[in-house]
Number of protein chains: 2
Amino acid sequence: MTATQELTKNQSLVFDALARADGPLSAYTILDQLRNDGFRAPLQVYRALDKLLDYGMIHRLESINAFVACAHPHTHSHGHGMIAFAICEKCGQVSEFSDDIITGRVREWTNSNGFKQSKTTIEIRGVCANCGTA
Amino acid sequence: MTATQELTKNQSLVFDALARADGPLSAYTILDQLRNDGFRAPLQVYRALDKLLDYGMIHRLESINAFVACAHPHTHSHGHGMIAFAICEKCGQVSEFSDDIITGRVREWTNSNGFKQSKTTIEIRGVCANCGTA
DNA sequence: TGACAAATGTAATAACATCACATATCGAAA
DNA sequence: TTTCGATATGTGATGTTATTACATTTGTCA
Ligand SMILES: [Zn+2]
Ligand SMILES: [Zn+2]
Ligand SMILES: [Zn+2]
Ligand SMILES: [Zn+2]
């Protein structure tokens, strides 16, 4: 659980698959890519994904049931701010950004409503600049 | 498609199921509740849900694969602002709110990145005030 | 009436995720 | 070094969520 997490074999395989992809992958897509590495069952993927999420090395995109390597590999865990994802529905590209003002506004709402937040998802669906000009 | 949408039979049944629930329901839970009303297949539910989403009468909670009646029944479509949901993981209660500053910050990011947003999801997972004091 | 759009019924299948149980691997304590 | 517990892995079955494909019905309007 240090800056550069020591990964097990399966965790490394799954992380590498995500890291070399140019966009988000579903668990079953990862499974198919790793058949030649000995993967046979969904749980092998899901267990590795769970750990990588714990370590902050990947993110889950709730709105498309897919996973993506963190775009800020040297800033794991993103402090305590929340992360927003812009997901292009044409090419699949995902842009990751954080915004202190949004983080602050959300925290204001939760504080004034006595709500203890554990995880916050912000996902913007649409068409990226490249695909929009096509 | 007027202020109070004229609903078909299936749409009414699905909407009423959501409206009388005290929290979000999955499509299959709705299906089970409507067996006695003649529902037999998932598609009957999903087709009604799609229309109700179009009409802005319900929302889909991406992070839990569930649906909830809009908490602002007389303000369908919420103008053009985005809506945030606070979802209690203990009791399932969902609070719906919108925030012009968050909406503005998201729009600033999309504008300056040439990203055309179509739908934006903000979901805060955690524990509500009631459940937190228990 | 005829024609078209919208809604519905039904079965099958696809896509996503977890449970249950057995086995293996590794490091620390005795 | 042996034993033990925690972590990781292998595998099949199952559970959950959503869509495809095709047939039929219903409502609207010329
Ligand atoms: Zn990240
Ligand atoms: Zn794109
Ligand atoms: Zn609403
Ligand atoms: Zn609660």
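Just so you know, these numbers use all the heavy atoms, side chains as well, and skip hydrogens, waters and symmetry mates. Below, read A as the first sequence line, B as the second, and so on, with proteins coming before strands; counting in each chain starts at 1.
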For [N] and [X] - does any side-chain N or O of the residue sit under 4.0 Å from the phosphate oxygens OP1/OP2?
{"X": "Q44(A)", "N": "dT9(D)", "result": "no"}
{"X": "T8(A)", "N": "dT7(D)", "result": "no"}
{"X": "R60(A)", "N": "dA17(C)", "result": "yes"}
{"X": "N65(A)", "N": "dA18(D)", "result": "no"}

For H59(A) and F85(A), I'd like to know if the aromatic rings sit close, meaning centre-to-centre distance below 6.0 Å. yes

Write down the distance between [atom1] ([X]) and [atom2] ([N]), rounded to a whole number of angstrom.
{"X": "E62(B)", "N": "dT17(D)", "atom1": "CD", "atom2": "P", "value": "14 Å"}
{"X": "Q11(A)", "N": "dT7(D)", "atom1": "CD", "atom2": "P", "value": "12 Å"}
{"X": "L7(B)", "N": "dA6(C)", "atom1": "CG", "atom2": "C1'", "value": "14 Å"}
{"X": "D50(B)", "N": "dT8(C)", "atom1": "CG", "atom2": "C1'", "value": "14 Å"}
{"X": "L31(B)", "N": "dT16(D)", "atom1": "CG", "atom2": "P", "value": "13 Å"}
{"X": "I64(A)", "N": "dA17(C)", "atom1": "CD1", "atom2": "P", "value": "11 Å"}
{"X": "R47(B)", "N": "dA11(C)", "atom1": "CZ", "atom2": "P", "value": "13 Å"}
{"X": "E6(B)", "N": "dA7(C)", "atom1": "CD", "atom2": "C1'", "value": "15 Å"}

Any side-chain heavy-atom pair of F115(B) and V127(A) under 4.5 Å: no

Using a 4.5 Å cut-off on heavy atoms from C-beta on, say whether the side chain of L61(A) contacts that of F67(A). no

Any idea which of dG10(D), dA17(C), dT19(D) is nearest the N10(A) side chain? dG10(D)

What nucleotide, of dT17(D), dC22(D), dC16(C), holds the atom closest to the side chain of Y46(B)? dT17(D)

Would you please say whether a donor-acceptor pair under 3.5 Å links the side chains of E123(A) and S63(A)? yes

Of K51(A) and L43(A), the one whose closest nucleotide on DNA chain D sits nearer the 5' end is K51(A)

Can you spot which of L25(B), L49(B), T8(B) makes a side chain to side chain contact (heavy atoms under 4.5 Å, CB included) with V14(B)? L49(B)

Can you tell me which residue among D37(B), L7(B), L52(B) is in a side chain to side chain contact (heavy atoms under 4.5 Å, CB included) with S12(B)? L7(B)

Sub-4.0 Å heavy-atom contacts from residues 18-28 of chain A onto DNA chain C, ordered by number: S26(A), Y28(A)

Ring geometry between Y46(A) and Y28(A) (parallel below 30°, tilted from 30 to 60°, perpendicular above 60°): perpendicular

Mark yes or no for a side-chain to base donor-acceptor pair under 3.5 Å between R40(A) and dG12(D), with no hydrogen or angle criteria applied. no

Nearest-nucleotide wise, let me know which of F67(A) and A41(B) is further upstream toward the 5' end of DNA chain C. A41(B)

